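Owing to the predicted nature of the structure, the values given are computational and were not obtained by experimental measurement. Each chain gets a letter, A, B and so on, in the order its sequence line appears, and its residues count up from 1.
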Amino acid sequence: MSWVLVLPLAIPFATAILAFFYRASRAGRWISVAGTALLLAASLLLFTQVFQAGVVAGQMGSWPAPFGITLVADLLSAVMVLITAIIAVAVAIYALADIDEAAEKMGYHALFNVLIAGVLGAFLTGDLFNLYVWFEVMLIASFGLLVLKGGREAIDGGIKYVALNLVSTILFLTGIGLLYGITGTLNLADLSGSVAAADPGLLTIIAMAFMVAFGVKAALFPLFFWLPASYHTPHFAVSAVFAGLLTKVGVYALIRMFTLVFDHDIGFTHQILLWVAVLTMVVGVLGAAAQGDFRKILSFHIVSQIGYMVLGLALMTPLGLVGAVFYLIHHIVVKANLFLIAGVTSRIAGSTALKQIGGLYAFAPLLAFLFVIAAFSLAGFPPLSGFWAKFLIVKAALEIEAWIVAGAALAVGLMTIYSMTKIWAAAFWSPHPDGIEPRLSHFSVAERRAYLWPIAGLAAITVAIGLAPDAFVTFSERAAAQLLDPADYIAAVLGAGGTLE
Amino acid sequence: MEALLAITIGALVAAAVYLMLSGHMLRFIFGLVLISNAANLTIFTAGRMTEGAPPLIAPGANAPPEGVANALPQALVLTAIVIGFGLFAFAVTLVWRAWGTLGTIEADEMRAAEPFPEEPAPK
Amino acid sequence: MNSVILRAGARYLAGLLLLFSIYMLLRGHNEPGGGFIGGLIGATGFVLYAIACGTADARAALRLTPEAIAVAGLGLALLAGLSAALFGDAFFTGQWLFIGETEDDKGLPLSTVLVFDLGVYLAVFGSILALVFTMEEEV
Amino acid sequence: MSAFLTICLDIATGLILLTSAFSLLRLTIGPSLPDRVVALDMMTVSIVAFCGLAAIRFQEAAFLDVALALALVGFLATAALARFAERARTKTEHMP
Amino acid sequence: MSDIIIGTLIVLGGLFGAIGALGLVRMPDVLIRMHASTKIGTLSCGMVLAGTAVFFADGSTIVRALLIFLFLILTAPIGSHMIGRAAVSMGVGLWRAPEDRPREPRDQ
Amino acid sequence: MNILSTNLLLAVVWGALVGEFSLATLAAGFVVGFAALWVVQPLTGATQYHARVLAWLRLIVMFVYELIVSSFHVAWDVLTPQHRARPAIIDVPLDVKSDAGILLVTNLISLTPGTLSLDVTNDRSTLRVHAMFADDPDALIHAIKSGMERWVIDAVEGPA
Amino acid sequence: MSARDIPAATGNGLVGILPVLLSAAIFAAFASLLPAIGMGSVLQWVIPWIPSLGISFAFLVDGLSLTFALLISGIGTLVLLYSNSYLAGHPHYARFALFLLAFMISMLGLVLADDLILLFVFWELTTFTSYLLIGFSHGSEQSRRNALQALFVTGAGGLAFLAGLILLGLAAETTRISEILAGGTAIQDHPLYAPILILLLLGAFTKSAQVPFHFWLPNAMAAPTPVSAFLHSATMVKAGIYVMARMHIAMAGSDIWMWTLTILGAATAVYASMLAVRQTDLKQALAYTTLMALGTLTLFLGQEEGYAMTAFATFLIVHSLYKAALFLVVGAIDKATGTREVDALGGLGRFMPVTAAAAGVAALSMAGFPPFLGFIGKELKYAGALAVTSEPVVIAGAILLANALMLVVAGVVAFRPFWRSQAAVTRPIREAPWPMLAGPVLLAALGAAFGIYPDLLQSALVTPTVVSLTGDVGEARTLTLWAGVNLPLVLSIATFALGLVLYAIHPKLREALIEITARIPSLDRGWDGFMDAIRRGSEALTHVIQTGRMTDYLAAMFTTIVAALAAGMIWGGLPGLTPIGADLTWIHLPLAALLLAGAAQTAFTSSRIAAVAALGVVGIGTALVFIYFGAPDVAITQLMVEVLVVVLIAIVMLRVPRLKAAPFRPLHAIIAAAMGVVTTLVLLAVVSVPLDRRLSDFFEAASWPDAYGRNIVNVILVDFRALDTFGEVAVVVVAALSAMALLRGGRSSEGER
Ligand code: NA
Ligand code: NA
């Protein structure tokens, strides 16, 4: 039972190690592609098991919970793992064209796979300190990937990214220490029960520490500065995987902790989350409106969209959590894809600065088509995935008559349209200022395939979610139900005994 | 001792934060090291403190004597120290590279990724 | 560093530190020590060597590149964890073999746990050296 | 442990901590770089002694392992700083 | 009896340590201060370790104490050599006489 | 050094016999082995092995003694109000050439009264010493050459 | 690319023909439903889509939706046929046809949807496809701006609309429109009725360009003319009208409904007519008359009376027929002459007789002359206006003025370009090819035919539509050319008289109107300012928040941490703090003092080496705490790491510059102190409660018997929690790899400055 949980961790690590030893040859990149493909298979296996049989938990080292480390997948974890694997495959293929040999020699593929492993570890672990460890694995790999490109922008972005994330990491660590100090345990399922005996006031204070720590990771207001400062600087493959996954790990952690452990004083903690989420949405989208660069706009939109997801959590109603889960799934796919598209744009049009590019609609209609799918999905246009995500959140807010919140969510949607059309008008519709004809045929066949297959694949997922949302909504409902009533989760973990009872 | 150490940790944190806010990246690094130490001490303190009884099992015994120090926080701190070192090593390298590439050690003068609005974005 | 005295001392100290590090590694399961500490001490030995005699000499003495050692260590640790699968156990379940086990003495223990600790040792050792050597070379 | 030894232990510990304090003072006032390095070195040595005293106080020989490790590697910090002191002279900090 | 030996050794060790550190504070120039720290520091540590060895009086502890001491006398002089050399090369002036004591260069 | 390895091997054998590989038993084994080798010396042919081991012992004893003396020396200067030191940097010609020899000489000089090794020139011919009481440099040089350096040469490179 | 540059070609081959055939087939399919719907039946078609949200692919065909569907698919067919010639040889014709077809299908979906959310899906699809169509000439800045404007305004309304739909669904506990309608006016008793209504109307008014949201529509004329003909006269702008009509049974009857629709509708009608007369661009003039029509339709929907309903149904059809015809005519003129400026045109009748004839017929219908359908429509309008329950005189007067102005525009658009003689013809003018004639001719002919035989229209579409609006077949009034001498007829005659007078003084009237309307504020003039304000406001805000200065970021983060923890303390309260004296012995004091001294020294020194050494002191102090409190493994690790930290910093310091003596920063000091205080308080509170040690108890018990290790800490590291350690090792290895990449990769970027 437990190996199905281990494979999604072990495969990327093994891939990273192999890719490292073959980093000087072309084999490295294919190892990465093969490894992520294998990972996808393993993730599907896990997903299927969780989908059919419910929460899967395993005790590492066969030590029983809560003493040993638990890996556990409920529906939320399982789907996050699956989406991560999908993004990993897409980006690994994209990297075939996007990553230069210099970066490969410096270990790009190894770093990338470790990053994926860290993300997956965070999704799969059922232990708070272990979560910290995976956060760090993810963080350090992201540091490396971020600065791999070198150059002034990447280094400057790196400085801010590193500095601000380190603060959050240390706060997280401190929070773990404090939480252990009042509960005596680290196992999340065990914590869920142990907090009942803890002093509620003290628990609230510690919850706030976690909220801020994860808030930095998730890029909530006013903690998001690192993201727009850095996400536009690295390789496109890197910013795509960052955009898709990293903040979502923060959101995931918020969801996990604030449904499983810190649900003792929703009137305070979740109310704060609610207003933070609203501010995040609004400030993020206004930030995007102020930008004139493809990737910078996208970066601020990550912030804004995180607001929606956290809003779903903050509402803490069944529908709100359904919306949060659905939003996560949708957003990872769409946002990663938009960054991938930005990369192709930059390659053929010469820049991501909107004033310096154009002509993509006329000369690269396929790219334009794929962009429209992703961008208008992000903007929440039906019948694309983003519409249903927004719909669920707005409905959840309206359901409990949170008028201002719903209004903000809708207004932010409008501003998202504004930004996406700004990109569309400047990069796609308007002619290129230098008269360049940005055609996809500038690429070799192999490059074109490596660039376009992942983009098209992710776009197809976006459309599929949009046209057949029922399966995803139903799934999100099941996942949300597990979150709101974690009895299954707790039973699976605390009953998943090792050899010693 | 927990209480005294709590105060000491507070002071370490204050010093660290003050350093980190200085804008000089070297001072930031110093602050980082300090605050990491503070965090490690926090875990250690939160796991409660026992004088001089390491969690070791004497040869021939099956378990440590009653009242040995809490082993779990120690393991956590040890892990945190090593992770912290990894992060520190990267950060210090980055500062160095930033000095080499950006020509400044003052954080607020590092504006390559977020140039002032009036400056044209670097190509 | 161009110092006759330091260079003369560094050779002995580096050897001593390396020896000591392995000692710390092997006893770690029962006394203070273990893979981290061992790796850290071993690395300091070579760092000292590099400071005294230059990184070129230190790299030559090491034979393998430190980053390869580090990644191999990580791989070894992973294999130690995965090896439990061969015995039908969960990830990272320790597998023990006691050589010469008797009634009251378990004999010489060999275990995947030790292999794991060795992986930790190599990873820490290699990482620190990779970092320091590269830094030294870029100064 | 006899009362005599307990008192001796307290005195010795106090003296060793005084050693650290003096070292800290020199570390703070400097004024030259080598002064500070010497002070740090002295402090390292005092910690080795402290470990020895802790081993007696808590009747736990494991603390000697700490001392052993520190004795070995403490030197490295001294060496690195001393080298810095020397090279900082020759390799003046240039703007790259 | 052994308590008296141990007590004497560790108190003396502590005393030497404190004196050495006092020297570090009091002595007029950095090279002279190094005399204090290198010699007395090593001795102080050695005495405390000797006390420890006597206290435990088992082979493994004695060997460890001895090893520590050996490491110290191996490394301390090398360290002081490096610092001293750096000090000289930095031009830290020698203390001459009280009447015309040169100003020491600061590292800043 | 063949005989040293033999002696070390004997130490290990001793440890095996005792059934414990602690450093203490190995040290005991070394002593026993040393004695054994001394006894069988006629069979293995005359070497300086035993003389050098004894020279080592002398070196260690002298060193500890000098360390204690020098500490009192400095302590006195620290504790008395006025500084008696008349420091100077003195160059001492070196005869010892091996790494180990130079290392030992410089270390011992640093740990003994009034002197601190600063540097050895790259050609290994000269040792620069900081002397606290350098009223008579020549006497100091002579003391070093006939004292510490001699003992070290005897131990490391064999007695003349 | 303007139309005249396109070389003459007969079409776009299969890409041109297929959409025409497809839409014709759709039209035919809907036409085949006419008998059944005429008989009063309602067709429904439901397949489940998102059962989890209660949303289904539910479609409903009744009089109202069939009327719309026929107009959409019929005019769509003609427009597609027309476009194939109009844009013959256009390199992007395939995209054009695709967008147009997609739009048509979305529009059909919208009017057929029987599910609120499904309706919204199609609603937004029309917004989106129209965005692509308006911006079809994307090379022009103006085009892009106007496309965005249309999208933004209708998109904004759409979001309000969505909120309204969701609330309506929540209030009615169903999203099926037919179920809501079946409930009659029950919804009006729900407390959320007013917000729902306002939100829905916001959507409808923006989409249908009602005052004050009217400004986007004339700008949307940046689209190729066939698009304008289709979207901006016949179909999309009527989506809002459709929704109001659709919800009429359930929502109408309240004061808020009546007044809102009546006032805004009337205002739109009058104001738009004035704006229309002001225009010299034929297409713009038509655009404003469209607004006038939409206002009138809205006005009627505000009522419940049978005449108003019948007037609505009839005028809806009338307007679509003549307006589409006239747009297509203008397109033909534009294509033939290269201009749409009325003052530059004249005498085209000789060269384009068929076009002129079609234009004339359509214009007469528009102007409301008998025997065209427009006349019947106008008569019904007056009848409807007079039936208005309050202020019928004002309403009728407003309509009279609007209709008179309409007559003027009809003359300007359809008469002048063809029959005014003075304009110089600068290039050879040819009659438009037949595909471009088919539309105008057919549409104009239908207007005439229905005028002469109104019964046909009455039974097939008007009556079923009125039933959809009222649920009562008895509310349908008879369409007739001659209803005897009555008040509506008198008003009609007054309209002609006023209209002809106004036409005669048209140039002066135009100037006067230009002056008048210039004084009325328009959101379009504010639009660019508004968009600029959004941008500048965002920039200003972003500049304050995302300053680019790391110290600001850090200060904000630390302040947030303090605020969050302090808020938690104030809200939750601290359970009690451990007293300082507890378990304190003298030896603890110097340990703490060492740490404090090291920290203070690090914080305040301006010597790098002093700082590093002081850092070492803190590291050593920390290690001493670990030693003293029984953690030798941790202490060794701490010391090792501390040494390596010093080594690395020492290497780095060889390159980076010295510290500057920094002035004291009071604000930062306050933040720092606050951080320290909250940390201490929380920690004091945490250690004041007893610790549950069961994890460590287990480790102590299992370490030797089960894990064969006597160093419990190490056993935890390599066995109990080996996964942590593995991850940690990965961190260290990756840190080294990353740092190496940074160091080596940076070589090339050095000196790049
Ligand atoms: Na992200
Ligand atoms: Na260990």
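- Taking B:Ser22, B:Ala11, B:Ala15, B:Ala69 one by one and counting their heavy-atom pairs under 4.5 Å with chain G, the maximum is reached by B:Ser22.
- Between B:Leu26 and G:Met653, some side-chain heavy-atom pair lies under the 4.5 Å cut-off.
- Heavy-atom pairs under 4.5 Å with chain G were tallied for B:Val13, B:Val17, B:Leu21; the largest tally goes to B:Leu21.
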Under 3.5 Å, which donor-acceptor pairs do the side chains of residues 53-64 of chain B form with other protein atoms, sequence neighbours left out?
none

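- The most heavy-atom pairs under 4.5 Å with chain G, out of B:Arg48, B:Met49, B:Glu109, B:Met25, come from B:Arg48.
- Of the listed residues (G:Arg721, G:Arg693, G:Arg665), the greatest number of heavy-atom pairs within a distance under 4.5 Å of chain B belongs to G:Arg665.
- Although no hydrogens or angles enter the test, the distance criterion places no donor-acceptor pair under 3.5 Å between the side chain of B:Trp99 and the main chain of G:Pro657.
- Side-chain atoms of B:Asp108 come within 3.5 Å of backbone N or O of G:Thr551 as a donor-acceptor pair.
- Among the candidates B:Leu87, B:Thr45, B:Ile29, the residue making the largest number of heavy-atom pairs closer than 4.5 Å to chain G is B:Thr45.
- Side chains of B:Phe88 and G:Ile649 form a contact here, defined as non-hydrogen atoms less than 4.5 Å apart.
- Side-chain atoms of G:Thr637 and B:Phe85, non-hydrogen and from C-beta on, never get closer than 4.5 Å to each other.
- Of the listed residues (G:Leu681, G:Val618, G:Val682), the greatest number of heavy-atom pairs within a distance under 4.5 Å of chain B belongs to G:Val618.
- In terms of heavy-atom pairs under 4.5 angstrom with chain G, the leader among B:Pro73, B:Gly86, B:Gly10 is B:Gly10.
- Using a 4.5 Å heavy-atom threshold, the side chains of G:Phe626 and B:Gln74 count as separate.
- Residue G:Ile636: no heavy atom, backbone or side chain, is found under 4.5 Å from chain B.
- Applying the side chain to side chain contact (heavy atoms under 4.5 Å, CB included) test to B:Thr8 and every residue at least two apart in sequence or in another chain returns B:Leu4, B:Leu5, G:Ala592, G:Leu595, G:Leu596.
- At least one side-chain heavy atom of G:Lys660 sits under 4.5 Å from a side-chain heavy atom of B:Glu106.
- In terms of modelled atom types and a separation under 3.5 Å, the side chain of B:Tyr18 and the main chain of G:Ile670 share no donor-acceptor contact.
- Contact count versus chain B (heavy atoms, under 4.5 Å) is highest, among G:Val634, G:Val732, G:Val687, for G:Val687.
- When each of G:Leu591, G:Leu554, G:Leu615 is checked for heavy-atom pairs under 4.5 Å with chain B, G:Leu615 comes out on top.
- Heavy-atom pairs under 4.5 Å with chain B peak, among G:Tyr628, G:Phe558, G:Phe720, G:Phe629, at G:Phe629.
- Judged purely by distance below 3.5 Å, without hydrogens or angles, the side chains of B:Asn37 and G:Gln638 pair a donor atom with an acceptor atom.
- Between the side chains of B:Thr79 and G:Asp724, no donor-acceptor pair is found at a separation under 3.5 Å.
- Residues of residues 672-679 of chain G lying under 4.5 angstrom from chain B, judged on non-hydrogen atoms, are G:Ala672, G:Ala673, G:Met675, G:Gly676, G:Thr679 by number.
- Residue G:Leu667: no heavy atom, backbone or side chain, is found under 4.5 Å from chain B.
- Comparing B:Val77, B:Val82, B:Ile9 by how many heavy-atom pairs each has under 4.5 Å with chain G, the most go to B:Val82.
- By the salt bridge (Lys or Arg N to Asp or Glu O under 4.0 Å) test, G:Arg694 pairs with A:Asp190, G:Asp692, sequence neighbours left out.
- At least one donor-acceptor pair under 3.5 Å links the side chain of G:Thr680 to the backbone N or O of B:Ala6.
- Among the candidates G:Ala735, G:Ser738, G:Gly630, the residue making the largest number of heavy-atom pairs closer than 4.5 Å to chain B is G:Gly630.
- Neither the backbone nor the side chain of G:Glu539 comes within contact range of chain B; no heavy atom of the residue lies under 4.5 Å from a heavy atom of that chain.
- Inter-residue side-chain proximity for G:Val652 and B:Thr93 is flagged as unmet; no heavy-atom pair is nearer than 4.5 Å.
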